J.: 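This is the structure I have questions about; it appears just below.
All values below come from the heavy atoms of this structure, side chains included, with hydrogens, waters and symmetry mates left out. Everything numeric here is computed off the predicted structure, so don't read it as measured data. In the text below, chain A, chain B and the rest are named by the order of the sequence lines, each starting its count at 1.
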Amino acid sequence: MATLEGVPPSELSDRLDRLGGPEASRPSASRTEEGGVFPDLPNAVDGKVVLRLAPFPNGVLHIGHGRLLFVHDYYRTRYHGKILLVFDDTIGSAEKRVEAEFFDLIRGDCELAGVRPDAILYKSDRVEAQYPWARRVIEKGGAYVCRCPADTLRENRAKGSPCPERMQTPSETLDAWERMLANGYGPGEAVLRLRTDLADPDPAFRDRVLFRISDLDHPRVGRRYRVWPMLEFSWAVDDVELGVTHVLRGKELVIEDRMERYIWDLLGVAGPPFLHWGLLRVREAKVAKSKANREVRSGLYDGWSDPRTWSLRSLDRRGISMEALRAFILSFGLSLADIEVAAETLYAENRKRIDATTVRRAFVADPVPVEVEGYPFDLASVTLPNHPDRPELGNRSVRAGPSFYLARKDVLGHLGEEVRLKDLVNVRLPPADPAPGSAIRAGFTSRENRKLPRLQWVAREGAVSVDILGIEGDHAEGLAERSVASARPRDILQFERVGFVRVDDGWSAGTSPVRVVYGHP
RNA sequence: GCUCCCGUAGUCUAGUCCGGUCAAGGAUUCGGCGCCUUCGACGCCGCGACGUGGGUUCAAAUCCCGCCGGGAGCACCA
């Protein structure tokens, strides 16, 4: 369980002093309704908490970002604080580029998730705010300009051996730094590095890069800046300047805490404490941003809400509510443990919310025509409840025989047997599958409800053709009962024995087939 | 390899800070039964866990030490 994990001993004792002793700051925690435990934010003052949500704009938000969103939103609510949406759009790299379209898409994702930021900022507007801090670090002797090739730099870091540049005096560094800012170097020719300790036991912490040069065109600020800060440095600056009171991030970013603190200590400024959560993986969700981007662009995926992306949009499209996702995610608490959970748990959470209010409809996949000989004349239609356990959801009238469609799988599984057409009559299927193309001829046997295998059916008259977009991007064709034709986009239905589906937003009502997206069992 | 983090049922989680109320609670899965949704929704019932070895103690999931296992970081990405 996370408590004051992110806080170094030195800082901790400092805090205890300010608070008047250990009792005052003993970490305690609260539980959400879902069962997750969230520790108190250290020294949080109700109404004064400022959090920041910092996505990198190179993709839409997916299920994994849900934790980022909902944990921040949880603490905002708990402390009546504010959330800054800060697009972390420093220049990135050739492989990981800032892309213009995602600014709006991500804002839309936040909206969708119900996490409305109190302010929206852009790192690309704050580049110049970084430079004075860089200068202060250099003047303190905390950094040097390194002109080694990236490979050499990496090797030296691994071996713990210094490069000659490390001997620079602050004024030499300042000159080199000014030259960087004045376009004296090309990309990759010089970086500003923090001077830590090359003997630091953690190789990851040795003389990290603070600024580098990039010629990439930025969608918001173009080529106005060439010297861009790295994430750690920019946050060391902005967490302080933006008045962030608590930093919440995934534990893959713990070393960044140390970097920020190192810089604050060097400059003698105070910064906010850090809290972390562990890695969350949803087993079924193979989240690969770059692949998703490629496939959306190539048209192989059906937009940013293709189910294969596991984007928040795709979950919404499938009829999985953001409230269900929120409950699912908050149930994990702020644990540092790495978790891998099955999507089934999320589905269960969603079912709790929609089952009681979702109407049932008959759907038959891979339909084969079946004629029932001797079918009773008075059963041209029947009235069925919209929900087996919820009479308040009403009834609907459904066309019936004598001409039906049954699922091929059902027919083949019961050849020669007597079966019950659910809620209707009993029939005997022929012993063998007749020639393809012609209708199967079944014989009416009786009407009473007997203990027979029950088959889903759809009347031939009024059958509606339906296309189900599956989780793997696959399409299943089939026929549904007539009432499905009058569904509206975004309606959620349960196709009995198939699962919950949502009528696709992109479907124009009245056209055939009815397009639905599969949600979950 | 180095650094950090984490180990409660198949999975997720509560309990661990402050040892006894924990013969370990909840959710989900799974199994059985019920049901005019068949394995598939729903309802009822049930199985199932403190990684391991040692230590401290009247008493250990909880404290201490070793071991084992899992994850992350070691980018001029974020």
J.: Which protein N or O atoms sit under 3.5 Å from an N or O of nucleotides 69-77 of chain B?
T.:
residue, atom, partner, partner atom, Å
B/G71, O2', A/Asp338, OD2, 2.8
B/G73, N2, A/Asp202, OD1, 3.4
B/C76, OP1, A/Arg154, NH1, 3.3
B/C76, OP2, A/Arg157, NH2, 3.0
B/C76, N3, A/Gly188, O, 3.3
B/C76, N4, A/Cys148, O, 2.9
B/C76, N4, A/Ala150, N, 3.2
B/C76, N4, A/Gly188, O, 3.0
B/C77, OP2, A/Arg212, NE, 2.4
B/C77, OP2, A/Arg212, NH2, 2.7
B/C77, O3', A/Arg212, NH2, 3.4
B/C77, O2, A/Lys96, NZ, 2.6

J.: For residues A/Trp277 and A/Phe332, establish whether the separation of their ring centroids is below 6.0 Å.
T.: no

J.: Indicate, with a heavy-atom threshold strictly under 4.0 Å, whether A/Pro453 touches base, sugar-phosphate, or nothing.
T.: nothing

J.: Kindly point out which of B/G15, B/C6, B/A41 is positioned nearest to the side chain of A/Pro388?
T.: B/A41

J.: Using a cut-off of 4.0 Å on non-hydrogen atoms, how would the nucleic acid contact of A/Lys451 be classed: base, sugar-phosphate, or nothing?
T.: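 The residue A/Lys451 makes sugar-phosphate contact but no base contact.
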
J.: Taking B/U21 as the reference, what is the distance to B/C33 when you measure between their P atoms (whole Å, please)?
T.: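 These two P atoms come out 37 Å apart once rounded.
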
J.: Kindly write out the residues that satisfy ring pair (Phe, Tyr, Trp, His ring centres under 6.0 Å) with A/Phe205, not counting sequence neighbours, or none if the list is empty.
T.: A/Tyr262

J.: In whole Å, what is the span from the NE2 atom of A/His387 to the P atom of B/C35?
T.: 18 Å

J.: What is the distance from CZ of A/Arg261 to P of B/C4, rounded to the nearest Å?
T.: 14 Å

J.: Considering only the C1' atoms, how many Å lie between B/G19 and B/C12, rounded to the nearest integer?
T.: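 27 Å, rounded to whole Å.
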
J.: Could I get the full list of ring pair (Phe, Tyr, Trp, His ring centres under 6.0 Å) partners for A/His520, not counting sequence neighbours?
T.: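 Result, ring pair (Phe, Tyr, Trp, His ring centres under 6.0 Å) vs A/His520: A/Tyr347, A/Phe500.
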
J.: Using atom P in both nucleotides, what's the gap between B/G51 and B/U57 to the nearest angstrom?
T.: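 Between the two P atoms, the distance is 23 Å.
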
J.: Could you give the CD-to-P distance, from A/Glu284 to B/U11, as a whole number of Å?
T.: 14 Å

J.: Return the set of residues passing side chain to side chain donor-acceptor pair (under 3.5 Å) with A/Glu165 (not counting sequence neighbours), or none when no residue passes.
T.: A/Arg147, A/Gln168

J.: Quick one: ring pair (Phe, Tyr, Trp, His ring centres under 6.0 Å) partners of A/Tyr518, sequence neighbours excluded?
T.: none

J.: Which of residues 58-72 of chain A have a heavy atom under 4.0 Å from RNA chain B?
T.: none

J.: Quick one: label A/Asp355 by what it contacts on the DNA or RNA (base, sugar-phosphate, nothing), any heavy atom closer than 4.0 Å.
T.: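 Sugar-phosphate, no base atom in range.
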
J.: On RNA chain B, nearest-nucleotide positions of A/Leu421 versus A/Val254: which is more 5'?
T.: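 Final value for this comparison: A/Val254.
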
J.: Could you state the CG-C1' distance from A/Leu334 to B/C6, rounded to the nearest angstrom?
T.: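 Rounded to whole Å, this separation is 14 Å.
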
J.: List the residues meeting salt bridge (Lys or Arg N to Asp or Glu O under 4.0 Å) with A/Arg226, not counting sequence neighbours, and say none if there are none.
T.: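 Salt bridge (Lys or Arg N to Asp or Glu O under 4.0 Å) check on A/Arg226 returns A/Asp215.
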
J.: Take the protein atom CE of A/Met259 and the nucleotide atom P of B/C4, then report the distance between them rounded to whole Å.
T.: 17 Å

J.: Does the side-chain contact (heavy atoms from CB on, under 4.5 Å) test come out yes or no for A/Met259 and A/Met230, once each step is laid out?
T.: CA-CA 11 Å; A/Met259 287 281 289; A/Met230 301 293 286; over 6 Å; no

J.: Using the C1' atoms only, state how far B/U8 lies from B/A23, rounded to an integer number of Å.
T.: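 Going atom to atom, C1' in each nucleotide, I get 16 Å.
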
J.: List the residues meeting salt bridge (Lys or Arg N to Asp or Glu O under 4.0 Å) with A/Asp423, not counting sequence neighbours, and say none if there are none.
T.: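 A/Asp423: no salt bridge (Lys or Arg N to Asp or Glu O under 4.0 Å) contacts found.
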
J.: Can you name the atoms? Protein N/O to nucleotides 26-31 of chain B N/O, anything below 3.5 Å, with the distance.
T.:
residue, atom, partner, partner atom, Å
B/U29, OP1, A/Glu344, OE2, 3.0

J.: How long is the line joining CG of A/Asp197 and P of B/U3, in whole Å?
T.: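 A/Asp197 atom CG is separated from B/U3 atom P by 14 Å.
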
J.: Find which nucleotide of RNA chain B each of A/Leu455 and A/Glu256 is nearest to by heavy atoms, and output the residue with the more 5' nucleotide.
T.: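 The residue closer to the strand's 5' end, by nearest nucleotide, is A/Leu455.
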
J.: How many Å lie between CG on A/Asp410 and P on B/U37, as a whole number?
T.: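 My rounded result for the distance is 14 Å.
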
J.: Checking A/Phe444 now: which residues fulfil ring pair (Phe, Tyr, Trp, His ring centres under 6.0 Å) with it, not counting sequence neighbours?
T.: none

J.: Using the test salt bridge (Lys or Arg N to Asp or Glu O under 4.0 Å), find all partners of A/Arg294 that sit at least two apart in sequence or belong to another chain.
T.: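 Partners of A/Arg294 by the salt bridge (Lys or Arg N to Asp or Glu O under 4.0 Å) criterion come out as none, since no residue qualifies.
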
J.: Would you please name every residue forming a salt bridge (Lys or Arg N to Asp or Glu O under 4.0 Å) with A/Lys352, sequence neighbours left out?
T.: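 Listed in chain order: A/Glu349.
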
J.: Quick check: A/Tyr375 with A/Phe404 (ring centres under 6.0 Å apart)?
T.: yes

J.: To the nearest angstrom, how far is A/Leu493 atom CG from B/U37 atom C1'?
T.: 15 Å

